[in-house]
Amino acid sequence: MRRETAGVTESLLQAAKEEFLTYGFHDASMRRISAACGVSTNSIYTRFGDKSGLFTAIVQEAADGLMEMYVQSIQKATECPDMDHAIKEGNEGTDQVLAYIYGYKEEFQLLFCHSAGTEYEDYFDKLAAIEEQYYNIFAKQYANENATADEFFIHVFCRTGWQYIYEVLTHDKPYDEAAAFMKNVQIFNFAGWKAVFGLE
């Protein structure tokens, strides 16, 4: 019986994932999800509470795992002795984050592109805020008196940083292409940060 129940739950989650990816959270239909699985809508409500609970059940593990990994990566970078080491640490963290995201690609497509109306609709903003906090520390540690990067520049840049991930997900890029793209972003950003921190 437990194996049967687990099978139904897994089937529901897969059908719901496909529904949310196709229609987004707002326009997703519990009736279509239940019909795809051959169960009643009441069965979904019993298991997950409501449509928001169903969305959470799909993305929570991936979302929590990335947040934990990202905070740890940021912390390691802030403890580096100089800017070159910090950027190297940051690039390694970016590589790990991208690999993790592609391990849960559909879940992150939901989080980044289809979460409006759920408790995760500000997930992107939370990631950008963490990055902004780090880069403000980074600026205080390494920028010299000729630096042109102010807090507003850092704020906008950090939102742009996560936009790169959003773009590879929305364009459904395979992992190899996404990794090559992010490598170019890292090269570009390294030169840019040195310039705006007045280190050239």
Side-chain angles (χ1 to χ4, degrees), residues 1-74 93-132 158-182 185:
M1 181 64 70
R2 287 182 181 177
R3 183 176 299 176
E4 181 180 342
T5 301
V8 171
T9 299
E10 184 177 338
S11 177
L12 277 170
L13 290 174
Q14 184 58 40
K17 185 190 295 185
E18 293 170 5
E19 178 77 10
F20 289 135
L21 285 169
T22 302
Y23 297 100
F25 176 76
H26 277 301
D27 294 330
S29 165
M30 298 288 265
R31 288 184 179 179
R32 281 195 297 262
I33 294 169
S34 64
C37 300
V39 300
S40 68
T41 54
N42 284 339
S43 177
I44 301 177
Y45 287 114
T46 299
R47 284 177 167 84
F48 303 105
D50 56 16
K51 188 163 70 169
S52 180
L54 182 55
F55 188 93
T56 296
I58 295 168
V59 303
Q60 186 173 32
E61 178 182 345
D64 290 351
L66 176 62
M67 193 66 72
E68 181 179 353
M69 173 187 291
Y70 186 56
V71 169
Q72 289 175 354
S73 173
I74 289 291
T94 297
D95 294 342
Q96 291 172 354
V97 163
L98 185 67
Y100 180 85
I101 284 174
Y102 267 74
Y104 294 92
K105 187 178 179 183
E106 291 181 335
E107 286 80 358
F108 282 104
Q109 286 174 329
L110 290 176
L111 283 162
F112 278 47
C113 312
H114 302 290
S115 61
T118 76
E119 65 177 297
Y120 290 95
E121 64 182 357
D122 62 348
Y123 186 78
F124 180 100
D125 296 325
K126 288 179 178 177
L127 289 170
I130 293 169
E131 184 151 336
E132 181 178 350
C158 290
R159 292 192 62 81
T160 303
W162 281 101
Q163 188 71 24
Y164 297 134
I165 301 294
Y166 172 86
E167 292 295 334
V168 297
L169 288 174
T170 56
H171 287 83
D172 203 25
K173 292 293 184 182
Y175 175 73
D176 288 348
E177 289 185 25
F181 170 76
M182 290 304 296
V185 168

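Just the heavy atoms: all of them, side chains too, but no hydrogens, waters or symmetry mates, feed the values below.
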message: Using 0.5 Å steps for rounding, measure from the CD atom of Gln109 to the OH atom of Tyr166.
response: 11.0 Å

task: Drop me the distance from Glu106's CD to Cys113's SG, to the nearest 0.5 angstrom.
output: 12.0 Å

- request: Taking all heavy atoms of Ser73 and all of Gly93, pick out the closest pair and write down the distance.
  value: OG-CA, 3.2 Å

Contacts of Lys51 that satisfy side chain to side chain donor-acceptor pair (under 3.5 Å) - sequence neighbours left out: none

task: Please determine if Glu132 and Arg159 form a salt bridge, counting it only when a charged side-chain N lies under 4.0 Å from a carboxylate O.
output: no

- prompt: Going from CD1 on Ile130 to CD1 on Ile74, what distance comes out if it is rounded to the nearest 0.5 angstrom?
  reply: 8.0 Å

task: Indicate yes or no for a side-chain donor-acceptor contact from Thr46 to the backbone of Asn42 under 3.5 Å, with no hydrogens or angles considered.
output: yes

field: Asp95: salt bridge (charged side-chain N to carboxylate O under 4.0 Å, His left out) partners, not counting sequence neighbours
entry: Lys183

statement: ring-ring contact (aromatic ring centres under 6.0 Å, His included) with Trp162: of Tyr70, Phe108, Phe124, only one passes, and it is Tyr70

message: Using the salt bridge (charged side-chain N to carboxylate O under 4.0 Å, His left out) criterion, which residues pair with Asp50? Sequence neighbours excluded.
response: none

Gln14 versus Glu10, side-chain donor and acceptor atoms under 3.5 Å: no

query: Please, which pairs that meet side chain to side chain donor-acceptor pair (under 3.5 Å) have at least one residue in residues 110-122, sequence neighbours excluded?
result: Thr56-Glu119

message: So, using salt bridge (charged side-chain N to carboxylate O under 4.0 Å, His left out) as the criterion, who are the partners of Lys105 when residues are at least two apart?
response: Asp172

field: Residues forming a side chain to side chain contact (heavy atoms under 4.5 Å, CB included) with Arg32, sequence neighbours excluded
entry: Glu19, Tyr23, Ser29

statement: In terms of heavy-atom contacts, Thr41 and Ser34 come closest through CG2-OG, 3.3 Å

Would you tabulate the side-chain donor-acceptor contacts of residues 60-69 under 3.5 Å, counting partners in other chains and residues two or more places apart, or write 'none'?
from: Glu61; atom 1: OE2; to: Tyr104; atom 2: OH; distance (Å): 3.1

task: Any pair with a residue in residues 27-54 that passes ring-ring contact (aromatic ring centres under 6.0 Å, His included), sequence neighbours left out, goes on the list, sorted by first then second residue, please.
output: none

query: Excluding sequence neighbours, so at least two apart, what forms side chain to side chain contact (heavy atoms under 4.5 Å, CB included) with Phe181?
result: Tyr164, Val168, Val185

- request: Test Ile101 against Leu169 for side chain to side chain contact (heavy atoms under 4.5 Å, CB included), laying out the working first.
  value: CA-CA 9 Å; Ile101 284 174; Leu169 288 174; 4.0 Å; yes

task: Would you mind reporting whether Ile165 and Leu127 have side-chain heavy atoms less than 4.5 Å apart?
output: no

Contacts of Glu177 that satisfy salt bridge (charged side-chain N to carboxylate O under 4.0 Å, His left out) - sequence neighbours left out: Lys173

Residues forming a side chain to side chain donor-acceptor pair (under 3.5 Å) with Gln163, sequence neighbours excluded: Glu167

- request: Give me the ring orientation class for Phe55 and Phe25: parallel if the planes are under 30° apart, tilted from 30 to 60°, perpendicular past 60°.
  value: perpendicular

query: To the nearest 0.5 Å, what is the distance between CD1 (Ile58) and CD (Glu18)?
result: 10.0 Å

task: Go through the steps for Asp27 and Thr22 under the test side chain to side chain contact (heavy atoms under 4.5 Å, CB included), then give the verdict.
output: CA-CA 9 Å; Asp27 294 330; Thr22 302; over 6 Å; no

query: So which heavy atom on Cys37 is nearest to which on Ser11, and how close?
result: SG-O, 3.4 Å

- request: Check the side chains of Arg47 and Thr9 for a donor-acceptor pair under 3.5 angstrom, ignoring hydrogens and angles.
  value: yes

query: Of all residues at least two apart in sequence or in a different chain, which pass the side chain to side chain contact (heavy atoms under 4.5 Å, CB included) check with Ala179?
result: Leu98, Tyr175

